[in-house]
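Here's the structure, in structure tokens; my notes come after.
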Amino acid sequence: RHLPSLWAHLLKSGVEPLSYLPNGWLSLFGKWLPLPAVMEVTDVILECGICGVLAVTLAFFQMQQTRLLSARGMEEILELINQDSRTSPLDGELLAECARRWLPRVEEAMQARMAERS
């Protein structure tokens, strides 16, 4: 329900979350972001834990949405996510700010998910 047009484009192109999320998450975004941007979002991750990771992920995709929507096919999309983003100029401060704006929605979604399981 977050970024629905991008989500639909990724699925239509055959790009499943398991084809890109492990690269970003296991490296704490080092595979997706230039080093200065990684340093900026580290505070959000340390302060907010898994909610911070999810918020940074949503912020990254929101900021890259136009580029990703213009990509055609799975290979081009995955290249943009996993490689091209590291060399593109990405404002780390803006990414961290955007992630902080996503936090309330992420926390709400996490709480709803937890309530479903109880």
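These numbers come from the heavy atoms of this one structure, side chains and all, not from hydrogens, waters or symmetry mates. Residue numbers count from 1 along this sequence.
- Checking Trp25 against Thr57 by side-chain atom types alone, a donor-acceptor pair falls below 3.5 Å.
- Note that OG of Ser5 and CG of Leu69 are 5.0 Å apart. Values are rounded to the nearest 0.5 Å.
- Within the 3.5 Å criterion, the main-chain N or O of Val106 finds no donor-acceptor partner in the side chain of His2.
- Surrounding CE of Met110 are more than 12 heavy atoms belonging to other residues, nucleotides or ligands, all under 6.0 Å away.
- Atom-to-atom distance recorded for Leu21:CG and Ser19:OG is 8.0 Å, nearest 0.5 angstrom.
- Glu16 has its side chain out of reach of Leu10: every pair of non-hydrogen atoms, C-beta onward, lies at least 4.5 Å apart.
- When the side chain to side chain donor-acceptor pair (under 3.5 Å) test is applied to Arg113, the partners found at least two apart in sequence or on another chain are Glu116.
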Step-by-step ring-ring contact (aromatic ring centres under 6.0 Å, His included) determination, Tyr20 to Phe60: CA-CA 12 Å; Tyr20 56 87; Phe60 169 79; 9.1 Å; no
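- For CD of Glu107, the number of neighbouring non-hydrogen atoms (other residues, nucleotides, ligands) closer than 6.0 Å is greater than 12.
- For Glu79, the CD atom counts as loosely surrounded, since its 6.0 Å shell holds 12 or fewer non-hydrogen atoms of other residues, nucleotides or ligands.
- Of the inter-residue distances, the one linking Met39 atom CE with Glu93 atom CD reads 13.0 Å to the nearest 0.5 angstrom.
- To the nearest 0.5 Å, atoms CG (Leu58) and CH2 (Trp102) are separated by 5.0 Å.
- Heavy-atom minimum distance, Ala99 versus Ala59: N-CB, 3.5 Å.
- Test Ile45, Leu46, Leu33 against Leu28 for side-chain contact (heavy atoms from CB on, under 4.5 Å) and you get one pass: Ile45.
- Considering every non-hydrogen atom in both Gln62 and Cys98, the closest pair reads OE1-SG, 2.9 Å.
- Residues Arg100 and Glu47 meet the side-chain proximity criterion, which asks for heavy atoms closer than 4.5 Å.
- Rounded to the nearest 0.5 angstrom, Gln64 CD and Ile81 CD1 are separated by 9.0 Å.
- With a 4.5 Å cut-off on side-chain heavy atoms, Ser13 and Glu76 do not count as touching.
- Applying the 6.0 Å contact sphere to CD of Glu75 captures no more than 12 heavy atoms from other residues, nucleotides or ligands.
- Annotation: side chain of Glu40 is not in contact with side chain of Leu95 (no heavy-atom distance under 4.5 Å).
- Interatomic distance, CZ of Arg101 versus CG of Leu103, reported as 11.0 Å (0.5 Å rounding).
- Of the listed residues (Val38, Leu80, Asn82), just one forms a side-chain contact (heavy atoms from CB on, under 4.5 Å) with Trp32, and that residue is Asn82.
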